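This one's a predicted model, so the numbers in the text were calculated from it and none came from an experiment.
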Amino acid sequence: MDHFTSALLSIYDQLIVTDKNGTIMKSTGTVNTLFHTIKSANVGGSIKDVEQDLFSTSLAEEIMGKNEKRSFMQSSWQGHELLMTAYPIESGAWVWAYKEIKDSYPDTSRGQSGPLLESKKPTFPFVIRSKPMLDVLHKMQMVCDVSATVLLLGESGVGKEIAARAIHNMGNRSDGPFMPVNCGAIPENLIESELFGYVEGAFTSARKEGAKGKFTLAHKGILFLDEVGELPLNVQVKLLRVLQERVVTPIGSTTSHPVDIQVIAATNKSLEKMVKKGEFREDLYYRLHVVPIHLPPLRNRVDEIPHLVQFFLQKYNTLYNRKVAFTPDAIDLLCIYQWPGNVRELENTVERLVITSGIPEVDVALVKEVLPFKGPKPPSLPVIDFLMPLQEAVDLVEEQLINMAMEQYKSLKLAAKVLEVSQPTMSRKYKKLRNKMEEASFSPVDKRAILEEQINQRLRSIAVVTAAIIPAEEVISLQKNMNRQTSYSQKLKQKLTMIQEKEGVIEWVFIFIMTEDGRLIHLVADKGFVIEPGEEYMGPPEMVNVAYQAFNGKAGVTPIYEDRYGEWKTSFAPIIDDDGNIVAIVGCDYSKAYFNSEMQRLRKQLNIHV
């Protein structure tokens, strides 16, 4: 337990260990301003009381009931934002790990400092309650402590800048500047000088003393390039050089200077399509596309809408000194709206309702007054090109609508509202439909293949993200000197061990290289790996074939296989250097027991019998 605690404290600020009933057995950490000020956080207290004393929402009981690892954000009554991860461990006990997310909104343009600047920092609004956003958070955790370039993708208003700030605040660059640049808001003739700076006499209107560019101002921090697809082609060339060489040459100067930055770019456009049209450089696209993170639209995160509403409600009640509340029916109505403007539109709507509401409770009628509400419609009418009994046709349309509503809202209550039926009726009809689907004609083998592919997708993603954060130059340097005592060996071993411990379900994480004659050689791994560095791995064909595919650039997952170390499923992904060459592959081993438990969990969750 001490080793486990030490490993977690290298990532989180506060740890609380409880028994299966939530009674605190151990509490340790560094967030003195929060946990050390309440008696409930002491040994003998209750995790449920801790949540009530500290946070605006209480989730411990729900989490312990599901008995699975969960990560999410919590807002304290004092305005702090914490990333919380709950880990079930042996004997039904739990570890509750907290990391405070310290917000930073630098505004040096007016030279403000101290309490005045501090008062201008809004509460960190990164609410995470849905599975898609938990996946986003996991990827952000993987990249926040490395300098890999990140590309945030998603529709306008989904919160790409908030995600970029979260990466900054969670990572080891949090003490450095966060420098946002809206590439679409700066005139084309000024964007180059804004990014790279200029020297005296560079152009007619240049300042006498010159000016630093955003790249230089972001030194030791993060430069956020919003709407990167709007950059002119001539600026894209210069940006590519900075990303490749990490040096900046101001306009009018022949001298370059190095910059230590992480670049996070964002766009709501398809850069891939722009590349095909010649509107965006292909080499720059691949340079930015190192770790892509897609933020889903709000309509795909319906379960977050009530939490976002409460967050924005608290924010604007405080700002405007109001005490407005939303009725449950009003929140349900907000959940079934399509939100073309995403989170930004939702926030503006809540703010408007707080300001304009003449009564203390916002109901359905008031929501309909401010929203152009149109119930969701099927994308096309059902086409019937042959005669059938009328009742059969009605049943087909009903099934289609029920499937669409449940896929969109994942809630019987919300689906019933949008289809305008009672909740008991909806429950009965959906149960009937699920039974019909369960009795469908596909075989048990097909069902198992579907479940296995769901697991494989997740394991493949973990391998790809892991490969993206492994510095290729360190791997190359270690290949030249495979002595396990070198600094590169120790750094990579430590990094792989941290990934293995943080993920929690990976048995081993390792890096393989391949000789000219096709032999797989172990280069480095986490501290528990059983093969020695430099040793050849000789495994079954089903494992080796997927490894070879990874050396050809294709990430993949093996079927269950057996070697002399046990029975495994392994995911592989290539490690690629700055020139696009594959220098090694990273592998993540999962035990057969873990795979079987995941299959069983999915079967129960989807009510599928195999």
Side-chain angles (χ1 to χ4, degrees), residues 106 109 143 147-165 167-168 173 177-199 202-203 205-206 210-219 221-253 256-295 344 468 578-580:
S109 59
V143 300
S147 295
T149 302
V150 179
L151 181 61
L152 300 175
L153 304 166
E155 298 176 6
S156 179
V158 293
K160 295 188 286 294
E161 181 169 349
I162 295 299
R165 291 187 183 276
I167 293 172
H168 173 261
R173 293 181 179 268
F178 178 87
M179 192 62 59
V181 179
N182 188 326
C183 302
I186 303 174
E188 185 172 338
N189 61 329
L190 296 179
I191 185 69
E192 189 173 356
S193 61
E194 281 288 316
L195 289 177
F196 308 112
Y198 56 88
V199 297
F203 45 85
S205 58
K212 293 181 178 180
K214 300 295 186 183
F215 274 96
T216 302
L217 294 172
H219 186 60
I222 286 178
L223 178 67
F224 175 57
L225 299 176
D226 198 9
E227 297 186 33
V228 72
E230 302 293 334
L231 283 175
L233 285 170
N234 65 308
V235 178
Q236 292 179 27
V237 177
K238 204 164 183 180
L239 173 59
L240 179 64
R241 179 171 181 262
V242 176
L243 293 177
Q244 287 176 331
E245 302 177 16
R246 289 296 194 269
V247 294
V248 171
T249 305
I251 297 174
S253 174
S256 301
H257 61 269
V259 287
D260 176 11
I261 58 171
Q262 181 177 19
V263 173
I264 301 178
T267 182
N268 59 9
K269 295 184 175 182
S270 172
L271 295 184
E272 207 166 355
K273 291 181 180 178
M274 292 180 68
V275 168
K276 291 178 181 178
K277 293 178 181 179
E279 298 171 351
F280 201 86
R281 291 182 62 94
E282 185 175 18
D283 46 7
L284 177 58
Y285 167 69
Y286 289 117
R287 184 65 63 179
L288 293 173
H289 202 259
V290 176
V291 184
I293 299 178
H294 186 271
L295 276 71
R344 186 185 296 123
D578 292 340
D579 296 322

Could you report the tightest heavy-atom contact between [X] and [Y], atom names first, then the distance?
{"X": "F196", "Y": "V242", "answer": "CE2-CG2, 3.7 Å"}
{"X": "M274", "Y": "G229", "answer": "CE-O, 3.2 Å"}
{"X": "F224", "Y": "A265", "answer": "CE1-C, 4.5 Å"}
{"X": "S253", "Y": "V199", "answer": "CB-CG1, 3.7 Å"}

Sidechain-backbone polar pair: [X] side chain, [Y] backbone, donor-acceptor under 3.5 Å:
{"X": "Q236", "Y": "L231", "value": "yes"}
{"X": "K160", "Y": "D226", "value": "no"}
{"X": "H219", "Y": "D260", "value": "yes"}
{"X": "Q262", "Y": "A148", "value": "yes"}
{"X": "R281", "Y": "N234", "value": "no"}
{"X": "H294", "Y": "G154", "value": "no"}

**Q.** Identified side chain to side chain contact (heavy atoms under 4.5 Å, CB included) partner of K214 from the options V181, I191, I261
**A.** V181

Q. Among V263, V291, L225, L271, whose side chain to side chain contact (heavy atoms under 4.5 Å, CB included) with L151 holds?
A. L271

(Q) Would you say CD of E282 has more than 12 non-hydrogen atoms from neighbouring residues, nucleotides or ligands within 6.0 angstrom? (A) no

Q. Has Q244 got more than 12 heavy atoms of other residues, nucleotides or ligands less than 6.0 Å from its CD?
A. yes

Q: Just do the side chain to side chain contact (heavy atoms under 4.5 Å, CB included) check on L288 and L243 with the steps written out, would you?
A: CA-CA 8 Å; L288 293 173; L243 293 177; 3.7 Å; yes

Rounded to the nearest 0.5 Å, what separates atom [atom1] in [X] from atom [atom2] in [Y]?
{"X": "L217", "Y": "L195", "atom1": "CG", "atom2": "CG", "value": "11.0 Å"}
{"X": "T216", "Y": "H257", "atom1": "OG1", "atom2": "NE2", "value": "3.0 Å"}
{"X": "S156", "Y": "E227", "atom1": "OG", "atom2": "CD", "value": "7.5 Å"}
{"X": "F280", "Y": "K269", "atom1": "CZ", "atom2": "NZ", "value": "10.5 Å"}
{"X": "E188", "Y": "L233", "atom1": "CD", "atom2": "CG", "value": "9.0 Å"}
{"X": "I167", "Y": "F178", "atom1": "CD1", "atom2": "CZ", "value": "8.5 Å"}

Quick one, [X] and [Y] - any side-chain contact, counting heavy atoms below 4.5 Å?
{"X": "I251", "Y": "K238", "value": "yes"}
{"X": "L153", "Y": "T267", "value": "yes"}
{"X": "S147", "Y": "R173", "value": "yes"}
{"X": "R241", "Y": "V247", "value": "yes"}

Q.
side chain to side chain contact (heavy atoms under 4.5 Å, CB included) for L223 and F215? Distances and angles first, verdict last.
A. CA-CA 7 Å; L223 178 67; F215 274 96; 3.4 Å; yes

Q | side chain to side chain contact (heavy atoms under 4.5 Å, CB included) between D578 and R287, worked out | A | CA-CA 8 Å; D578 292 340; R287 184 65 63 179; 3.4 Å; yes

Q.
Less than 4.0 angstrom from a charged side-chain N to a carboxylate O is my criterion; do E272 and K276 meet it?
A. no

